[in-house]
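Okay, structure first, notes after.
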Amino acid sequence: MDLTTTILFILGLFLLIGGAELLVRGSSRLAAAVEISPLVIGLTVVAFGTSSPELAVTVQAAVAGQADIAVGNVVGSNIFNVLFILGVSALITPLVVSQQLIRLDVPLMIGASVMMIAMSLDGTLGRIEGAILFAGLVVYTVWLIRQSRREQAAVKLEYEREYGKAPEKNAKAIFLQILIAIAGLVLLVLGSRWFVEGAISIARLMGVSELIIGLTIIAAGTSLPEVATSIIASIRGERDIAVGNVVGSNIFNIFGVLGSAAILAPTGIAVSSAALSFDLPVMLAVAVACLPIFFHENRIDRWEGALFLGYFIAYTAYLFLDASGHAYLPYFSAIMLWFVMPLTVITFSVVIIRFVRKSRNLNRP
C-alpha cells in the first residue's frame with residue numbers, strides 16, 4: 001500500500017467524523033423545521049443517505065458480475081449495523097427505543113430478511129425479485145411519511161419541550177438545514193470511499209477471499225457513515241436518529257440496495273451456498289435478536305450493547321478462522337454453539353420474564 005493510499009485512508013476517517021456531525025445537526029433541525037419526528041428522519045433521510053455507499057458498491061459489483069461482493073456487502077452491513085453500531089452506541093449511552101420501532105420497523109426488518117432468504121433459495125436474485133424488493137421500499141417510505149404527518153401535533157409538542165418554541169417555517173431556514181445535511185452526506189461518502197479503498201488494498205495483500213472482503217471490510221467500510229452518524233447522534237442525545245438510522249439502513253439495504261442491484265444486474269445476482277448456509281441465517285438471527293432487547297423496557301442498556309459487540313467480534317473471528325482453515329475453528333464453533341448461545345437465550349428469557357411480571361404488577365389495581 002503506497003503513501004498516497006495511506007494518507008487518504010487516514011483523511012477518510014476525519015471526513016467521516018466531520019460529515020456525521022453535519023448530517024446529524026442538519027437532519028435534526030430539518031425535522032424540527034418541517035415538524036417530522038426525529039425517528040422518521042432517522043429511518044428515511046439519514047438511513048437512506050448513510051446507506052448510499054452500500055448502494056454504490058453493491059450495484060457496481062452486481063453489474064460487474066462480482067456477486068459475492070454484492071451479496072456479502074448487504075448481508076455483512078446489516079449484521080455490522082446491529083451488532084457493532086448499536087453495540088458501540090449503547091455503550092456510550094443507553095438508547096431509548098420508540099414503540100414504533102418495536103411495533104413496525106423491527107418486524108419489517110425481520111420480514112425483509114426472511115423475504116431475501118426465500119428469494120435466494122434457488123441461488124439467484126432475478127430482476128422480478130429485485131423489483132418486488134424495491135417496491136417494498138417505496139411502500140414503506142410513503143407509509144412512514146403519511147404516518148408522521150398524522151402525528152404533527154404530538155411532534156410539535158415534543159419539539160417545544162426539547163428546543164423551545166418551534167422555528168418559523170420559511171424556505172430559507174429549511175434550505176439551509178438541507179444544505180448542511182447534504183454537505184455532511186458528501187463528506188461521509190467521500191471519507192468512507194477513501195477508507196474502504198485502503199482497507200481493501202490491505203486485505204488483498206493478505207490473500208483474503210472476495211466473500212470475506214464483502215462480508216467484513218467492505219461491509220464495515222460502507223457502513224462507516226452509519227457508524228459515525230449513530231455514535232455522534234448518541235453523544236448529542238439524538239437517540240431516535242441513532243437507533244432509527246440502523247434499523248432504517250438495514251431495511252433500505254435489502255429493499256433498496258439489493259433490489260436495485262438485482263434489477264440492474266444483466267443476469268441477476270447469484271447467491272452462493274456459503275452465504276445461504278451461514279451468513280444469511282446469521283443476518284436473520286441478528287434481526288430477530290433486536291426484538292427481545294428493544295422490548296426490554298424500550299431501551300438498549302450498556303450490557304446489551306456489550307453483548308451485541310461481543311457477538312460481532314465472535315462472528316468476525318469465525319469468518320477469518322473459517323477462511324484460513326484454522327485448527328481452532330471446531331473448538332471455537334463448539335464453544336459458541338454449546339455455551340455462548342444457550343447462555344444468551346437463558347439471559348434473554350429471564351429478562352423478558354422479569355419484564356412481563358413487572359408489567360403485570362404495575363397494571364394490578
Side-chain angles (χ1 to χ4, degrees), residues 9 12-13 16 50-51 53-54 57-58 61 68-92 113 192 195-228 230-231 246 249-250 253 272-290 293 300 303-341 343-344:
F9 180 81
L13 182 60
L16 279 168
T50 55
S51 288
E54 283 99 326
V57 169
T58 301
D68 278 345
I69 286 183
V71 175
N73 183 34
V74 169
V75 176
S77 292
N78 280 18
I79 295 170
F80 182 85
N81 285 349
V82 173
L83 296 185
F84 184 85
I85 298 177
L86 282 185
V88 172
S89 299
L91 281 175
I92 294 171
S113 301
S192 64
F195 194 91
V196 170
E197 286 176 356
I200 292 175
S201 298
I202 295 171
R204 284 180 174 159
L205 286 174
M206 296 171 62
V208 179
S209 72
E210 283 196 346
L211 180 58
I212 300 299
I213 290 175
L215 285 166
T216 56
I217 296 169
I218 294 180
T222 54
S223 291
L224 284 175
E226 286 95 326
V227 174
S230 289
I231 290 176
V246 167
S249 291
N250 280 15
N253 284 345
S272 69
S273 58
L276 275 170
S277 62
F278 180 71
D279 302 295
L280 283 168
V282 169
M283 180 187 73
L284 176 59
V286 166
V288 172
C290 287
I293 288 182
I300 309 173
W303 73 267
E304 292 165 328
L307 184 65
F308 271 165
L309 194 57
Y311 269 121
F312 174 73
I313 294 171
Y315 169 72
T316 306
Y318 177 88
L319 287 179
F320 280 99
L321 288 173
D322 184 53
S324 61
H326 202 282
Y328 286 116
L329 179 62
Y331 302 103
F332 182 84
S333 301
I335 291 171
M336 292 297 297
L337 181 61
W338 299 109
F339 178 72
V340 177
M341 293 297 292
L343 183 61
T344 304

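Please read these numbers as outputs of a predicted model, since none were measured by experiment.
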Parallel, tilted or perpendicular: which fits the ring planes of Phe80 and Phe312, with parallel below 30° and perpendicular above 60°? perpendicular
Just so I know, are the side chains of Thr316 and Tyr311 near enough to count as touching, which here means a heavy-atom distance under 4.5 Å? no
Should Leu91 and Leu309 count as side-chain neighbours, where that means a heavy-atom distance under 4.5 Å? yes
Return the CD1 to CG distance between Ile79 and Leu280, rounded to the nearest 0.5 Å. 8.0 Å
Calculate, to the nearest 0.5 Å, the distance between atoms CG and CZ belonging to Asn81 and Phe308 respectively. 12.0 Å
One should read off an interatomic distance between Ile231 CD1 and Ile92 CD1, to the nearest 0.5 angstrom, of 5.0 Å
Which value, rounded to the nearest 0.5 Å, describes the distance between Phe84 atom CZ and Ser89 atom OG? 9.0 Å
Would you give the length of the straight line joining atom CG of Leu307 to atom CG of Leu83, rounded to the nearest 0.5 angstrom? 9.0 Å
Roughly how far, to the nearest 0.5 Å, is CG of Asp68 from OG of Ser272? 5.0 Å
Verify side chain to side chain contact (heavy atoms under 4.5 Å, CB included) between Val246 and Ser230, making sure each step is shown before the conclusion. CA-CA 8 Å; Val246 167; Ser230 289; 3.8 Å; yes
Should Asp279 and Tyr315 be marked as a side chain to side chain contact (heavy atoms under 4.5 Å, CB included) after you check the CA-CA gap, both sets of side-chain angles, and the distance that decides it? CA-CA 10 Å; Asp279 302 295; Tyr315 169 72; 3.1 Å; yes
Quick one: do Asn253 and Ser77 satisfy side-chain hydrogen bond (donor to acceptor under 3.5 Å, both in side chains)? Show the steps, please. CA-CA 8 Å; Asn253 284 345; Ser77 292; 4.7 Å; no
